[in-house]
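Down below is the structure, laid out as structure tokens.
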Amino acid sequence: MFNFITLRSLKNRAFTSLLCILSIALSVMLYLGIQRVRKGAEDGFTHTISQTDFIVGAKGGALNLLLYSVFHLGSPVNNVRMSSYEEIKNLPGVKWTIPMSLGDSYKGFRVVGTDQNFFEHYRFRKDKKVELIEGQIPNGVFDVVIGAEVAKRLKHKVGDDIVLTHGIQSEGLYHHEKTPFKIVGILKNTETPIDKSVYVTLHGMEAMHIGWETGVPSDESIDPNRYLPENLEIKQITSFMVGLKNRIAILKLRRFIDQYEAEPLMAIIPALTLQEMWQTLSYVEKVLTLVGLAVLLVGFLTIIIALYTSINERRKEMSIFRSLGAHPWQIFGLILYESFLLVFFGIILGVIFLYGFMVGLKPILEAEFSLFLEITALSKDEWSFILLLLVIAPLIGFIPGFRAYKNSLRDGLS
Amino acid sequence: MSFLKIESLEFKYPKGPTILSIPHLSLEEGQGLFLYGPSGHGKSTLLNLIAGVLAVTSGEISIGETKLHQLSAGKKDKWRGDNLGYVFQQFNLIPYLSIFENIMLPCQFSKERKLKTSDKEIHELIERMNLSSFIHRPVKDLSIGQQQRVALCRALVGKPKLLLADEPTSALDEKNTTELMNLLKEERAKNQLTTIFVSHDLRLKPYFDIHHSLVDLNQSKLSDSKMEAQNV
């Protein structure tokens, strides 16, 4: 009986019903969408670097070390001696290390001096490796590999010669004009800061700074022999990443590094620091969730208003139902069922919207915001949210329902 | 043994004065009662009491085997759905249902009435009411005369034991009134249908066996305005 009447009644007020359904659909889509974007942003952020147990750099702020080593933001206060790096690299528990030497740029993109370990051991988004779409990894002193974003923006190809800039200001004053580099490879898109970086060898980093001891280029010509790898002595790096053979050694090794005697060093666990950093951004999350809930509230209010205003127009209708044997509680139930159905259809439409938008916006989110949204089935949390809405749904019919109940008691058959 | 029997009936709203007081009223099965008189003499109160929407303050109402004054509100609702046909003054139809859906509505509310009737009987009824040509049309396509015929048709679906009609012709012109009254007369004769028909149109008196003026019937002498005030 309820289905027979309610469906036709809602159809009769198609426009208002549709608006109610739409407002619920939009709020459901927005709420679930916000949660997914939030999750995607968090995952994307915390998965910028994976499988690295430590990042080691000069003593200073943990956040700063993470920012300049992983996100290539800001700059280090001090460097790490090559001898320290060598010692830690050869400790028994260490499986691999990735040295990094920072401080130069190329047209606003950061230059990173590293070695083949970076291509072999660096992981992001759990287990993704850095890969080339073209060419090979840098081997020679003046070889350079560029990130996907750099290649795309500057329209560079393998074989192009480029001149790097001293310092990290986007408009650096001095360029390493005497030491042009040749692009030997282009990296595959990773949607991490890697895309906006340029990779050279540690030797290359050393070589381009020959004659720059005073901080500015000298006018003297440099003996080309000095550029040969065997003649290049690497004295320091900026920081390095460490992978351990066994995670159990983490605490012990961390203590060793933090108390390192030769120079003040510190070790951070990137997963932890990333998490801490994300926590500092959690107010954004809360605001977004609050916005989603507010929109939902507006959706519910729309239904209450729509049903409530319809109650007066439908007094005669309720009277007819009464004459046919409907109990006032059935009239009440009828309104509750209407609000339930509106929310129910709203949720279905909202979920359809959600997936529609995810499919539609996926490429844009990935390209513009480096945001990865996996199109997955509804999660357990999302199902509980929907279930909660379905429980609340008939409750929002209470106010108009009670009004209809009282009306039908008072009106009787008239 | 009377089919409908009212004995020392009194009705008042809590803390209000007595609105309706009927010492005695009875009807045999199949009889038609014509109630007339100006509005405001407890007409709608009486109909609501007989329909089991209101509960008597004191006294008895028995219809057939059922002692209505002893039933709970919920039981009275069920009894009404199963046994009563009701025709309002106007706006009898649910606007968003088709004519046919409106006619079949009693069967949505009462299983008993659904079981008591068959598709064949319903289509014959629709045929007799001259409604077959537009049963699947929306309500708004009908004239008021046609709407009242649909209302009568709905009230008769599933063979109710009692028909209550609350001034069903007051919005109709003479031609439509005559048509509706003749249809009602035929259906009543066919089914031995006990009927209470309220109207202020005294020309309709001859269609019924018993005639009462509400002014005489109701011993409570409240003025119209007082009655209205009690009803709000």
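Taking the side chain as every heavy atom from C-beta outward, A/I5 and B/Y96 approach each other to under 4.5 Å.
Heavy-atom distances place the backbone of B/N92, and not its side chain, under 4.5 Å from chain A. With a 4.5 angstrom heavy-atom cutoff, B/A155 does not touch chain A via any of its atoms. For B/L93, the part lying under 4.5 angstrom from a heavy atom of chain A is the backbone only. Neither the backbone nor the side chain of B/E167 comes within contact range of chain A, judged by heavy atoms closer than 4.5 Å. With a 4.5 Å cut-off on non-hydrogen atoms, A/S408 does not touch chain B at all. Using a 4.5 Å cut-off between heavy atoms, B/R113 makes no contact with chain A at all.
To the nearest 0.5 angstrom, B/I94 atom CD1 is 4.0 Å from A/F321 atom CZ. Atom NZ of A/K316 sits about 7.5 Å away from atom CD of B/Q90, to the nearest 0.5 Å. Going from atom OG of A/S323 over to atom CG of B/L164 covers 9.5 Å, rounded to the nearest 0.5 Å.
The nearest pair of heavy atoms linking B/F91 to A/I320 is O-CD1, 3.5 Å. For B/F109 against A/L324, the heavy-atom pair with the smallest separation is CB-O, 3.3 Å. Closest approach of A/R8 to B/E101, counting heavy atoms only: NE-OE2, 2.7 Å.
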Report task. Please lay out, stage by stage, how B/K78 and A/H327 fare under the test side-chain contact (heavy atoms from CB on, under 4.5 Å). Result -> CA-CA 8 Å; B/K78 185 176 183 309; A/H327 192 273; over 6 Å; no
